[in-house]
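Keep in mind the model is a prediction, meaning the values are calculated, not measured. Every number for a ligand or one of its atoms is a count from 1 in the order of the listing.
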Amino acid sequence: MLTGRTKLLGVIGHPIGHTLSPRMHNAAFAADGADYAYVAMDVMPDRLPAAVEGLSALGFVGFNVTMPHKEAMLPLVDELDEAARLAGAVNTVVAGKGGKLRGINTDGSGFVEACAEAGVSLSGRRVLILGAGGAAAAIAVAVLGEGVSRLCLANRTIEKAKRLRTRLSGFAEGAEVLVRPLDEIGEAVAEAEVLINATYLGMKEGDPLPFPAASLTTEKVVCDAVYRAARETALILHAREDGVRTVSGGRMLLYQGVQAQRIWTGREPNVEAMSGALA
Ligand code: NAP
């Protein structure tokens, strides 16, 4: 039940009607009797600064940021954590003392936690990320932090992948970071042990697979940042049919939320309730 003391959280994006985050977070609060409420808020891009100021004035404990605001959020916070700065994207904001806003990125660390749940260790592995947008950048930062030996970035717009590699250069200690154009995706896939789709491919019915079907073999791990309500993506379904180990966008979504909730509440979230709400 909402009370005068209920602490407020939410997600801002546009459009926002499809979001699963309120269901996921509120399920955990209800299961544990925690006095928090999480709401979805549709914010037009030109109203973002006003919305952020409003949330701060209303005393929100924190909020998530989703498409298309993750990059535009960077200059609107008072402090940025390293993952958000390197990734160039904020997906979580926490209000500190005096209303100071801290911008965080839990997409990449959520991906790593989803890998850990699936028993996938990234240390020393050769990883290919398809995509060079916000999700790809956040995952790139996180997998480099896990000590991958080689990170290959492939993207339709090659210049974006090159810019991401440049941004990562000071951070990629000990790892080889290279860029491949999409017409060399076959070679890039052959060289990698862990394949990660961080493009939009798979969001719509009938999208082509992001990686060639024949390359999804049992010595690889196949991961998808894309998630769909109530069903897996074609990439994940295809890989599982062939007995390939997978990490789905749904588990990444779960763990980016688990990490955000840990930061906002300072307590261990009810992962089972959150996972159940997404199922
Ligand atoms: P973004 O910043 O807009 O980047 C989109 C990326 O997809 C770009 O690299 C773009 O390539 C590529 N792309 C788009 N359409 C393509 C196509 N038809 N063929 C090949 N590449 C294409 O978006 P984002 O925030 O990174 O999100 C990417 C996906 O990850 C979305 O589905 C999003 O929902 C998902 N995501 C999931 C989670 C999670 O928790 N599971 C978290 C964050 C994001 P160009 O550079 O050439 O345009």
Side-chain angles (χ1 to χ4, degrees), residues 11-21 23-25 45 64-74 83-84 86-92 104-115 117-118 128-143 152-165 167 179-185 188-189 195-212 222-229 231-236 246-261 274-275 278:
V11 57
I12 55 174
H14 178 75
I16 200 68
H18 65 284
T19 183
L20 301 173
S21 292
R23 195 196 296 185
M24 172 172 77
H25 286 289
N64 282 131
V65 182
T66 189
M67 287 193 284
H69 303 316
K70 287 184 182 185
E71 287 174 22
M73 197 62 217
L74 289 171
L86 282 167
V90 168
N91 84 321
T92 301
I104 298 168
N105 194 309
T106 66
D107 283 335
S109 49
F111 170 78
V112 168
E113 199 168 344
C115 287
E117 176 194 52
L128 167 65
I129 300 178
L130 184 62
I139 293 171
V141 171
V143 300
C152 180
L153 303 168
N155 194 44
R156 183 175 61 178
T157 311
I158 190 83
E159 287 310 319
K160 253 169 92 177
K162 286 183 181 164
R163 283 203 295 275
L164 176 56
R165 181 182 54 184
R167 237 174 34 235
V179 168
R180 288 267 207 177
L182 273 198
D183 56 11
E184 290 176 20
I185 192 75
V189 166
L195 311 178
I196 305 168
N197 173 43
T199 70
Y200 293 158
L201 290 175
M203 291 179 83
K204 292 197 311 285
E205 204 65 50
D207 275 352
L209 286 181
F211 303 110
V222 171
C223 313
D224 207 345
V226 176
Y227 60 88
R228 301 186 58 170
R231 61 168 302 190
E232 297 292 6
T233 60
L235 175 66
I236 294 293
T246 59
V247 178
S248 72
R251 298 321 273 177
M252 176 177 163
L253 176 73
L254 168 66
Y255 284 107
Q256 65 74 31
V258 166
Q259 297 202 5
Q261 211 184 103
M274 293 171 82
S275 179
L278 290 178

Practice problem: Mind running side chain to side chain contact (heavy atoms under 4.5 Å, CB included) on Arg156 and Thr199 for me, showing each step along the way? | Solution: CA-CA 9 Å; Arg156 183 175 61 178; Thr199 70; over 6 Å; no
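- The backbone N or O of Ala87 sits less than 3.5 Å from a side-chain atom of Arg167, completing a donor-acceptor pair.
- For the side-chain hydrogen bond (donor to acceptor under 3.5 Å, both in side chains) test, residues two or more places apart in sequence or in another chain that qualify with Gln259 are Ser109, Glu113.
- Ordered by chain and residue number, the residues placing a heavy atom less than 4.0 Å from ligand 1 are Met67, Lys70, Asp107, Gly131, Ala132, Gly133, Gly134, Ala135, Asn155, Arg156, Thr157, Lys160, Ala198, Thr199, Tyr200, Leu201, Met203, Ala225, Val226, Tyr227, Gly249, Met252, Leu253, Gln256.
- Looking at Asp107, its side chain never comes within 3.5 Å of a backbone N or O of Ala135 through a donor-acceptor pair.
- Proximity of Asp207 to Tyr200: side-chain heavy atoms (C-beta onward) are nowhere separated by under 4.5 Å.
- Distance alone, capped at 3.5 Å, places no donor-acceptor pair between the Asp224 side chain and the Ser248 backbone.
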